Amino acid sequence: MKKIIPPIVLFLCVLVLLQCCLPYTLLSWEEHGLFLHTPDWRSEVFSGSLPLVTYVASWMVQFFHYPIVGAALIAFGVTLIFLLLCALLPKARRAIWIVFALFLIAGVCVLGTNKTIRETERWAKLEHVAQKKKWNEVLAIATPERAKKDRRMMPYALLALSEKGELANRMFTYPIFGVEDFLFVDWYSRESGFFNSLFYESLGSVNEAVHQAFQSATYLPHGTSFGTLRRLVLLYRKQGNDTLADKYATILNQSTLHHYSLGNRANASGEGVADSLSANRQTSATAPVVTHDAFYNVGQMLAQGHITQANVDRFLCMALANRDLKIFYRALKLYVDIKRPLPKHYQEALLLLSSFDDSVDISEAKIDEGVRNAFETERNRDTFFGYYFSVPQQNGGEIPIEPSGQNASRQGSGFNVGS
Amino acid sequence: MERKKILLPLYFLLPVMWLLAGCGRPSSFIDADTFPPIFPDYVGVTVPLSMQQLPFEMSGGRRFSVEKEKKGDTLFFQVSAWEQGSSRGTRYKPFPVYLSHDDVDPYVAYRLIEPGYESWRDMGIYQRELGSFDESPIVTNDANNKGCVNCHSFVGADPERMLFHARGQGGGTVFVNGDDVRLLNLAKVGPRKQGTYPAWHPAGRYVAFSSNNTHQCFSVEDKQPIEVYDLSSDIILMDVSTDSIYANPLLNTADVWETFPAWNEEGTKLFFCAADSVEGMPERRAKVHYRLMEIGFSEGKFVGEPIVVWECDTLSASFPVIKGNELLFTTTSHGTFPIWHQDADLWMLDLETGIAAPCDDLNSFRAESYHSWSSNGKWVVFGSRRLDGRYTRLFIAHYEGNGRFSKPFLLPQKSPQENLLRLKSYNRPEFMTRKSPELQKQVRNLFAL
């Protein structure tokens with residue numbers, strides 16, 4: 001009985017340590033991993049280095065989808081090594097136990113306090129909760145203080161704020177420098193593609209969300225991953241393209257744990273299956289294209305009829321971030337009913353604009369007393385005034401904001417954008 | 001007690017027997033007067049004698065059995081299918097597969113790559129033996145530090161002499177001549193233009209390249225996610241014996257985009273596509289229409305002026321490939337990269353009569369694009385996205401003459417599901433008259449220098 005206590009204690013300690021310190025890191029390993037019972041994947045693994053190790057490790061990592069299972073597998077491995085050593089060196093059993101105990105203590109210290117490891121865990125959590133659209137949790141991680149030290153947090157914070165409808169009230173509580181804070185621009189990495197895919201999904205551009213998901217995946221060991229494939233299923237279902245969604249679902253079903261049900265194509269077997277997308281969205285030689293200018297892209301989405309509160313707020317706040325009050329005012333009149341209570345930053349912008357331009361009539365807008373006072377006296381950095389007068393201007397450009405065609409009727413209907 | 005001992009084994013046997021009964025063939029079948037719905041669809045296709053292995057499965061995943069019978073030059077497949085556990089199945093009308101005595105080249109080469117976007121990770125040029133399911137790499141981008149490898153092209157479909165581009169740091173064009181494998185950066189030679197789409201002169205001394213300034217853009221929400229377009233393109237001619245490159249002014253004009261060179265079989269004419277240049281790309285991409293042109297060639301020089309052999313206001317041509325008097329090409333509503341256009345189709349131009357018509361036997365409601373003839377002109381292999389609209393797969397069809405083809409069939413795989421599970425597209429299928437040696441080591445050495 002005494003002999004089994006140390007390995008059990010060891011197992012439990014490692015399990016608890018990993019589950020407490022690295023649950024999201026374990027999850028991210030599964031997100032970035034891949035294991036498929038397909039000839040292509042097997043061929044790729046067995047033509048690489050250490051094929052057997054890669055194969056077994058990839059099989060195991062699947063189970064990290066449930067972090068406690070992943071932690072248990074690692075704990076089991078550690079315990080197995082302990083038992084093997086004890087079996088091989090029975091006389092040194094006590095010493096082995098002391099060494100493992102020391103490693104455990106070191107593990108607690110390192111995993112619990114090492115800056116890089118904590119940051120990795122925090123980042124993994126941020127990506128996970130953003131993907132799950134748990135915006136409060138995103139904001140709990142991407143705080144203004146953290147964003148000051150790590151600018152990569154800014155896009156996440158701004159996305160979460162826009163999804164919660166709080167962008168126009170809280171954007172300037174964050175250390176924003178310009179429109180480039182909304183997106184990872186001209187930075188090619190797994191992380192940037194991952195976020196940009198979330199951004200464009202939120203914007204309503206599934207094509208670009210898919211593009212960015214593929215971009216992100218090219219930085220992963222297999223060129224794709226469980227996370228990527230799941231994302232593609234989700235995006236194509238959203239787009240109504242069941243053909244492609246089923247394809248990726250079928251591929252995922254070749255792993256051990258995934259069991260996707262298929263849509264139109266039962267068992268995904270069929271040749272020349274008709275598209276599930278509507279026929280009137282065929283090849284268009286004049287379809288608008290994505291640019292490297294996020295502001296422009298958001299404007300395009302609005303012009304294409306993706307008039308959601310999040311997109312309107314995003315566009316207006318990007319105009320403020322660009323300090324382009326002209327475009328801000330035009331778009332505000334187009335998409336927002338200014339007679340209803342306005343968010344804080346819109347009030348601030350209107351006040352400021354009316355102080356420059358007599359033609360701007362804000363008599364119908366409700367400006368809070370606190371905002372007026374702040375304009376007269378404080379101009380803190382967490383207001384639009386503070387930002388406008390303290391941060392250097394970024395480049396602007398010709399931005400499409402007018403809705404076209406059948407969407408023109410949306411003009412002037414406004415949103416209930418208010419605090 | 002004795003009774004229990006006798007009955008006990010039955011308690012185990014009965015469920016087993018019940019299970020086995022569920023797995024096996026039903027006892028009765030209804031005869032159907034239709035062909036079976038199979039994937040891939042091999043009903044009524046024509047295959048060469050070397051390609052009689054045609055694995056398929058029932059659509060919907062039903063269990064099935066097959067009885068095969070050969071009558072003359074036709075194979076008949078009698079398929080009986082049933083749902084698991086069902087006591088009744090369906091016996092379908094036997095479907096024919098016609099055997100052609102026209103040989104097909106034993107190999108086809110192609111690139112495997114994810115279907116588009118900007119970056120990539122793994123890609124390679126592979127060869128597939130058509131008489132089996134064996135696929136092996138010719139070269140992968142492990143050899144050039146994960147750069148791009150593309151545009152493989154052979155002299156007379158013989159891999160003994162070939163070229164392909166290997167991009168990336170220190171990259172260029174790899175020329176293979178037997179055991180001699182060398183790398184040349186075309187942009188550092190002569191007119192200093194990069195080579196893009198290649199076309200070997202049949203005699204093997206010259207290569208015509210288009211030199212393209214290619215870009216791509218991504219649509220915000222259209223069903224077509226990507227458009228690939230050129231901002232300029234010209235045609236250059238390389239003399240491989242001297243490594244010299246010439247840019248004939250007639251094929252290097254600023255206001256015309258010349259691309260996709262292709263030789264006739266005698267090597268006396270160069271065909272290519274040309275479009276009047278359009279400003280304001282990509283927004284004005286609908287204005288770009290490529291026409292088919294030809295120019296004479298003799299003793300290393302272009303002869304005469306380029307003349308139009310085909311043009312259409314509402315269609316754009318690409319990928320001309322000539323066999324005898326037949327010119328097979330791809331059309332789409334506009335532009336130069338048809339694989340991303342659902343409306344892309346294969347057309348045939350009769351060079352004698354000048355009449356062009358769509359190859360209705362080959363086309364589907366999705367994109368058909370790159371194609372090549374077998375060395376004897378009896379078969380064509382082409383890329384099509386008809387399965388799912390995104391992943392290009394290869395189809396082979398027999399040429400019956402007079403612009404007619406047999407029903408195309410999907411390149412067979414050991415398991416039909418491999419066509420769906422493969423996460424890469426097939427690019428640029430080219431028949432080969434024999435197996436190419438693997439070039440991985442030699443190319444790696446070129447990039448290690």
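All of these numbers come straight from a predicted model, not from anything done at the bench. The chains referred to below are lettered A, B, ... by the order of the sequence lines, with proteins before strands, and numbering in each begins at 1.
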_Worked verdict on A:Q212 versus B:F218 for side chain to side chain contact (heavy atoms under 4.5 Å, CB included)_ = CA-CA 11 Å; A:Q212 293 294 333; B:F218 302 88; over 6 Å; no
_Winner by heavy-atom pair count (cut-off under 4.5 Å) against chain B, out of A:L220, A:T291, A:L229_ = A:L220
*Which answer fits B:R393, side chain, backbone, both or neither, if we ask what part of it has an atom under 4.5 Å from a heavy atom of chain A?*
side chain
*side chain to side chain contact (heavy atoms under 4.5 Å, CB included) evaluation trace for A:V289 with B:R285*: CA-CA 11 Å; A:V289 298; B:R285 55 195 183 273; 4.0 Å; yes
*Determine the option with the most heavy-atom pairs under 4.5 angstrom with chain A, choosing from B:R121, B:K414, B:K287.*
B:R121
*Taking only residues two or more places apart in sequence or in another chain, which ones pass side chain to side chain contact (heavy atoms under 4.5 Å, CB included) with A:S216?*
A:R190, A:F194
*Locate the shortest heavy-atom distance separating A:K247 from B:L420; write the atom from each residue and the value.*
NZ-O, 2.5 Å
_Quick check: closest heavy atoms across B:L421 and A:T38, and the distance to 0.1 Å?_
CD1-CG2, 3.8 Å
*asked:* If we define contacts as heavy-atom pairs under 4.5 Å, which of B:C217, B:S219, B:A286 has the most with chain A?
replied: B:S219
*Using the six-membered ring wherever Trp is involved, compare the ring planes of A:Y248 and B:Y391 and label them parallel, tilted or perpendicular (cut-offs 30° and 60°).*
perpendicular
*Check whether any side-chain heavy atom of A:P39 lies under 4.5 Å from a side-chain heavy atom of B:E418, and answer yes or no.*
yes
*Heavy atoms, side chains only, cut-off 4.5 Å: are A:I251 and B:L423 in contact?*
yes
*Heavy-atom distances under 4.5 Å only: say whether A:T224 touches chain B with side chain, backbone, both or neither.*
side chain
_Which atoms of B:N419 are under 4.5 Å from chain A, going by heavy atoms: the side chain, the backbone, both sets, or neither?_
backbone
*asked:* Return the NE2 to CG distance between A:H222 and B:D122, rounded to the nearest 0.5 Å.
replied: 10.0 Å
*Can you tell me how far the CG atom of A:D246 sits from the CG atom of B:D388, to the nearest 0.5 Å?*
10.5 Å
_Shortest non-hydrogen contact from B:V220 toward A:M301_ = CG1-SD, 2.7 Å
